[in-house]
Number of protein chains: 2
Amino acid sequence: MQISKKCEYALRAMYELAKDKTNTPISVSKIAERQCIPYKFLEQIFSILRKHNLVKGVSGKNGGYILYSPANQITIAEILKAAEGNLNIISCLQGDETCQFFHNCDFKNFWTKFNAHIIEFLNFFTLEDIIKGV
Amino acid sequence: MQISKKCEYALRAMYELAKDKTNTPISVSKIAERQCIPYKFLEQIFSILRKHNLVKGVSGKNGGYILYSPANQITIAEILKAAEGNLNIISCLQGDETCQFFHNCDFKNFWTKFNAHIIEFLNFFTLEDIIKGV
DNA sequence: TAAAAACATACTAATTTAGTATGAATTGTC
DNA sequence: GACAATTCATACTAAATTAGTATGTTTTTA
């Protein structure tokens with residue numbers, strides 16, 4: 001039940017982009033430095049964020065990344081989902097049928113509600129909210 | 001952000017005890033069999049649950065475990081917290097000062113709220129609720 | 001006294017997480 | 001056109017965590 005470094009870094013990186021109002025690309029190295037994130041690890045994370053259309057990459061000199069959408073339209077859920085792959089708290093919720101009790105599970109209702117509760121929260125807040133201090 | 005097997009097993013084990021209305025001890029081996037949990041792993045889990053006063057152990061032949069309190073007084077939060085050690089979603093919330101931003105973190109408000117949201121949910125439901133179908 | 005159980009602790013194997021390494025492709029500047 | 005700064009791509013490795021085993025001792029009932 002821990003938030004991974006990857007998720008934390010993804011959020012912090014997106015936050016750095018969101019804070020910048022110049023709308024010019026910011027390089028991975030600058031963000032890595034500002035947020036104390038290992039450079040090469042962050043490069044990987046940006047690659048994922050780009051593939052999920054959360055950022056746009058600008059190649060070449062003076063290149064970098066910018067947000068794909070306005071900060072008030074990017075939810076925390078989207079960022080975490082991209083970084084983590086999914087937002088399911090337990091594998092049966094993503095269709096892992098290897099569980100003995102997959103088709104008759106006394107906990108499925110509970111897990112489903114719990115997961116929905118979490119996702120509802122993460123969907124509610126955007127990057128803009130973090131900038132405003134939550 | 002995944003629920004560990006340990007947590008899942010702890011919940012299932014507690015649930016097995018809660019379902020039994022005879023109030024006589026149930027052995028680890030019976031619960032392991034009923035819930036398809038590796039026996040020795042489950043023994044360890046019960047040891048933890050006992051230390052957290054969630055179950056009482058009865059040694060010797062015909063021994064086993066019984067719930068420490070009525071099922072409607074044992075919350076899911078208590079069980080998960082015992083199994084996991086804590087319910088913090090991110091290490092800074094449990095006082096990990098190694099983070100660069102420990103004293104000035106733009107995300108602390110958000111994580112605190114998120115964590116509270118999760119714990120509130122887990123505190124609300126008891127074992128009895130699971131038996132009733134959530 | 002034998003069997004069935006909890007209780008204790010150390011070890012190991014598997015998996016996931018976090019991070020490195022290497023290099024190709026793109027683009028602006030001199 | 002060369003060079004530098006950047007993204008983009010992919011494979012590898014090291015550290016940490018999770019999941020599970022192994023080897024006992026102690027307690028209690030029949």
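These numbers come from the heavy atoms of this one structure, side chains and all, not from hydrogens, waters or symmetry mates. The sequence lines fix the lettering, A, B, ..., with proteins before strands; numbering per chain opens at 1. None of these values were measured; they are calculated from a predicted model.
- Looking at residues 11-31 of chain A, you'll see that no heavy atom sits under 4.0 Å from any atom of DNA chain C.
- Distance CG (B:Leu42) to C1' (D:dA19): 13 Å, rounded to an integer number of Å.
- Rounded to an integer number of Å, the gap from A:Lys56 NZ to D:dT6 C1' is 18 Å.
- The nearest whole Å value for the distance from the CZ atom in A:Phe41 to the C1' atom in C:dT17 is 7 Å.
- Classification of the B:His117-A:His117 ring pair by plane angle, with boundaries at 30° and 60°, yields parallel.
- Ring geometry, A:Phe114 versus B:Phe121: the interplanar angle falls under 30°, so the pair is classed parallel (tilted spans 30 to 60°).
- A:Lys5 NZ: 12 or fewer foreign heavy atoms inside a 6.0 Å radius.
- Counting only heavy atoms from C-beta on, B:Gln44 has its side chain closest to C:dA10 among C:dA10, C:dA3, D:dC8.
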Ring pair (Phe, Tyr, Trp, His ring centres under 6.0 Å) between B:Tyr15 and A:Phe107, worked out: CA-CA 10 Å; B:Tyr15 172 73; A:Phe107 284 87; 5.2 Å; yes

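- Taking only side-chain nitrogens and oxygens, A:Asn62 comes nearer than 4.0 Å to OP1 or OP2 of C:dT29.
- Distances shorter than 4.0 Å separate none of the side-chain N or O atoms of B:Arg50 from OP1 or OP2 on C:dA6.
- To the nearest angstrom, C1' of C:dT15 lies 16 Å from NZ of B:Lys6.
- Relative to the side chain of B:Lys51, the nucleotides C:dA8, C:dT27, D:dA9 differ in distance, and C:dA8 lies closest.
- B:Lys61 has its NZ atom 15 Å from the P atom of D:dT28, to the nearest Å.
- With rounding to whole Å, A:Gln2 atom CD is found 12 Å from C:dT17 atom P.
- Within the nucleic acid shown, A:Tyr39 comes within 4.0 Å of at least one base atom, counting heavy atoms only.
- Of the residues in residues 77-91 of chain A, none lies under 4.0 Å from DNA chain C by heavy-atom distance.
- Within 4.0 Å (heavy atoms only), A:Lys40 reaches at least one base atom of the nucleic acid.
- For D:dA19, the OP1/OP2 oxygens have a side-chain nitrogen or oxygen of B:Ser4 closer than 4.0 Å.
- A:Ile45 places its CD1 atom 15 Å from the P atom of D:dC8, with the value rounded to the nearest Å.
- The CD1-C1' distance, from A:Ile37 to C:dT20, rounds to 16 Å in whole Å.
- Distances shorter than 4.0 Å separate none of the side-chain N or O atoms of B:Tyr65 from OP1 or OP2 on C:dA5.
- For NZ of A:Lys30, the number of neighbouring non-hydrogen atoms (other residues, nucleotides, ligands) closer than 6.0 Å is 12 at most.
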